[in-house]
Amino acid sequence: MKFNVSSSKLFSQLQAVSRVINSKNALPILDDVLFDLVGNELRLTASDGETTIRTSVEVEGAEGSGKVASAAKLLLETLKEFSEQPLAFTIDENNFAVNMISQNGTYSFVGVNGNEYPEMPAAEAEAQTLVLPAMNGIFFDIAPDKVTMVATDAHRLVRYTNAGVQAGVAASFILPKKPAGLLKNLLAKEESDVKVTFGAKNARFEFGSTIIVCRQIEGRFPNYNAVIPQGNNNIVTVDRQTIINACKRVAVFANNGTAQLRLALSENNIKISAQDIDFSTSAEETISCDYNGMPMAIGFKAPFLIDLLSSVESAEVQLKLADPARAGLILPVENEANEDIVMLLMPMLLND
């Protein structure tokens with residue numbers, strides 16, 4: 001089995017699939033990446049036993065076909081040192097010895113019979129499919145005329161709804177955190193739509209030349225709508241970048257353990273302050289806003305607040321508050337077409 005491939009293209013696709021590989025695996029073969037040559041397409045597959053990623057790269061001069069599993073770490077550490085150049089691979093189909101020839105050298109290593117690599121789960125017979133323009137989240141709550149994605153860590157909750165996705169069915173599934181993180185990183189560079197196929201056990205994501213299959217989390221997701229407050233009538237409208245920058249500057253002076261920011265609201269002003277009594281440091285900034293609600297002071301954990309504010313692109317955001325002890329809502333003033341985003345943040349108890 002022979003083929004020629006671009007070093008940079010192979011390295012890029014190996015990086016993409018190898019993110020799923022654990023540092024320690026129950027099966028030694030899961031330390032490897034599976035090479036599967038089909039015509040002029042080299043398919044690359046990696047798995048941790050529960051989540052599987054497959055992508056492909058175009059090759060030239062292909063001879064033969066077959067499968068071989070090769071050590072992912074060895075390949076990545078070798079390829080990252082190459083400048084862009086063609087690489088010639090020759091694989092012995094009897095003992096799975098791999099020979100890689102670059103412009104200046106030859107590299108030899110032993111692979112494993114690719115037929116021993118775990119098969120990618122096929123789409124389930126009763127699986128359903130929808131196409132998304134973008135994806136991020138853990139819980140998929142699918143209605144015939146929209147898709148809602150929700151993630152929470154008990155301190156924060158984000159609900160994203162896209163009414164432009166017409167699934168035509170009502171269903172739901174829970175996507176584990178690891179494949180969700182993989183998708184977030186991979187889709188940042190992807191312009192094509194995402195095809196999502198899901199059944200009772202697995203979820204399958206296809207975009208460009210990449211396929212990710214993962215096992216769903218069993219269990220029931222909490223009733224997220226029940227925890228989103230409806231009576232937060234103290235509404236602050238503020239320039240998003242202004243409040244982010246102020247929070248970042250003031251947060252430097254917050255206690256390392258609590259990272260607490262204090263937001264004191266008065267008419268058309270927010271005073272953002274923080275202090276660390278242990279080191280006798282403090283800071284405060286006052287920024288302009290649109291606010292005519294009741295004067296109040298509320299505490300938030302700085303990294304959580306900054307992270308939520310940074311996750312939307314609207315020029316202005318709204319903070320909807322009830323009182324210092326109840327969850328606050330953060331919403332973009334302007335949503336993209338067919339989108340609706342609601343972010344919930346639990347407050348921190350202020351000592352004063």
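We count residues from 1, following the sequence as given. On a predicted model such as this, the values are computed, not experimentally measured, just so you know.
For the pair Arg156 and Asp307, the minimum side-chain heavy-atom distance is below 4.5 Å. Two residues are said to be in side-chain contact when any heavy atoms from C-beta on lie closer than 4.5 Å; Leu344 and Tyr224 fail this criterion. Contact check for Ile341 versus Asn335: side-chain heavy atoms found under the 4.5 Å cut-off. Between Arg204 and Ile211 the shortest side-chain heavy-atom distance falls below 4.5 Å. Side-chain contact check for Ile212 versus Leu183: some heavy-atom pair is nearer than 4.5 Å. Contact check for Asn4 versus Pro86: no side-chain heavy atoms found under the 4.5 Å cut-off. Between Leu10 and Leu42 the shortest side-chain heavy-atom distance falls below 4.5 Å. Counting only heavy atoms from C-beta outward, the side chains of Tyr291 and Leu321 never approach each other to under 4.5 Å.
Residues passing the side chain to side chain donor-acceptor pair (under 3.5 Å) test with Asn202, sequence neighbours excluded: none. Listed by chain and number, the residues in a side chain to side chain contact (heavy atoms under 4.5 Å, CB included) with Ser18 are Ile21, Leu76 (sequence neighbours excluded).
Donor-acceptor pairing under 3.5 Å is recorded for the side chains of Asn225 and Arg159. Between the side chains of Thr237 and Glu316, not a single donor N or O lies within less than 3.5 Å of an accepting N or O.
Grouping the Ile, Leu, Val, Met, Phe, Trp and Tyr side chains by contacts below 4.5 angstrom, directly or via other members, places Phe109 with Leu79. Under the 4.5 Å side-chain heavy-atom criterion for ILVMFWY residues, a single connected hydrophobic cluster contains both Phe300 and Met296. Clustering ILVMFWY residues whenever any of their side-chain heavy atoms sit less than 4.5 angstrom apart, transitively, puts Val57 in the very cluster that holds Val20. Side-chain heavy atoms closer than 4.5 Å link hydrophobic residues (I, L, V, M, F, W, Y) into clusters, and following such links, even through other members, never connects Met120 to Leu44. Ile244 and Phe253 fall into different hydrophobic clusters, where Ile, Leu, Val, Met, Phe, Trp and Tyr residues are linked whenever their side-chain heavy atoms come under 4.5 Å apart, directly or through other members.
When all heavy atoms of Glu313 and Glu336 are compared, the closest pair comes out as OE1-OE2, 4.3 Å. Among all heavy-atom pairs drawn from Leu37 and Gly64, the shortest one is CD2-O, 3.6 Å. Counting all heavy atoms, side chain and backbone alike, Thr51 lies closest to Asp48 at N-OD1, 2.7 Å. Closest non-hydrogen pair, Cys247 versus Leu305, comes out as SG-CD2, 3.9 Å.
Using bins of under 30°, 30° to 60° and over 60° for the plane-to-plane angle, the ring pair His155/Phe304 lands in the tilted bin. Using bins of under 30°, 30° to 60° and over 60° for the plane-to-plane angle, the ring pair Phe3/Phe35 lands in the tilted bin.
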**Test log, rule side chain to side chain contact (heavy atoms under 4.5 Å, CB included), inputs Ser209 and Gln13** = CA-CA 10 Å; Ser209 61; Gln13 298 300 72; 3.6 Å; yes

**Request:** Mind running side chain to side chain contact (heavy atoms under 4.5 Å, CB included) on Thr45 and Val17 for me, showing each step along the way?
**Result:** CA-CA 7 Å; Thr45 303; Val17 300; over 6 Å; no

**Asked** Arg262 and Gln275: side chain to side chain contact (heavy atoms under 4.5 Å, CB included), yes or no, with the steps?
**Response** CA-CA 9 Å; Arg262 183 179 190 272; Gln275 64 176 341; over 6 Å; no

**Message:** Using side-chain hydrogen bond (donor to acceptor under 3.5 Å, both in side chains), reason through Asn99 and Ser108 one step at a time and then give a plain yes or no.
**Reply:** CA-CA 5 Å; Asn99 196 50; Ser108 300; 2.8 Å; yes

**Request:** Report the C-alpha separation of Met100 and Val5 in whole Å, then their side-chain angles, then the decisive distance to 0.1 Å, and conclude whether the side chain to side chain contact (heavy atoms under 4.5 Å, CB included) test is met.
**Result:** CA-CA 10 Å; Met100 182 177 73; Val5 64; over 6 Å; no

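The salt bridge (Lys or Arg N to Asp or Glu O under 4.0 Å) test with Glu50 is passed by exactly one of Arg215, Lys201, Lys178, Lys177: Arg215. Considering Ile217, Val150, Asp141 in turn, Ile217 is the only one that fulfils the side chain to side chain contact (heavy atoms under 4.5 Å, CB included) rule with Ile174.
Applying the 6.0 Å contact sphere to CG of Asn256 captures no more than 12 heavy atoms from other residues, nucleotides or ligands. Around atom CD of Glu334, no more than 12 heavy atoms belonging to other residues, nucleotides or ligands sit under 6.0 Å away.
In this structure, SG in Cys289 is found 11.5 Å from CG in Asp239, a value given to the nearest 0.5 Å. If you take CG on Asn233 and CE on Met294, they are separated by 11.0 Å, rounding to the nearest 0.5 Å.
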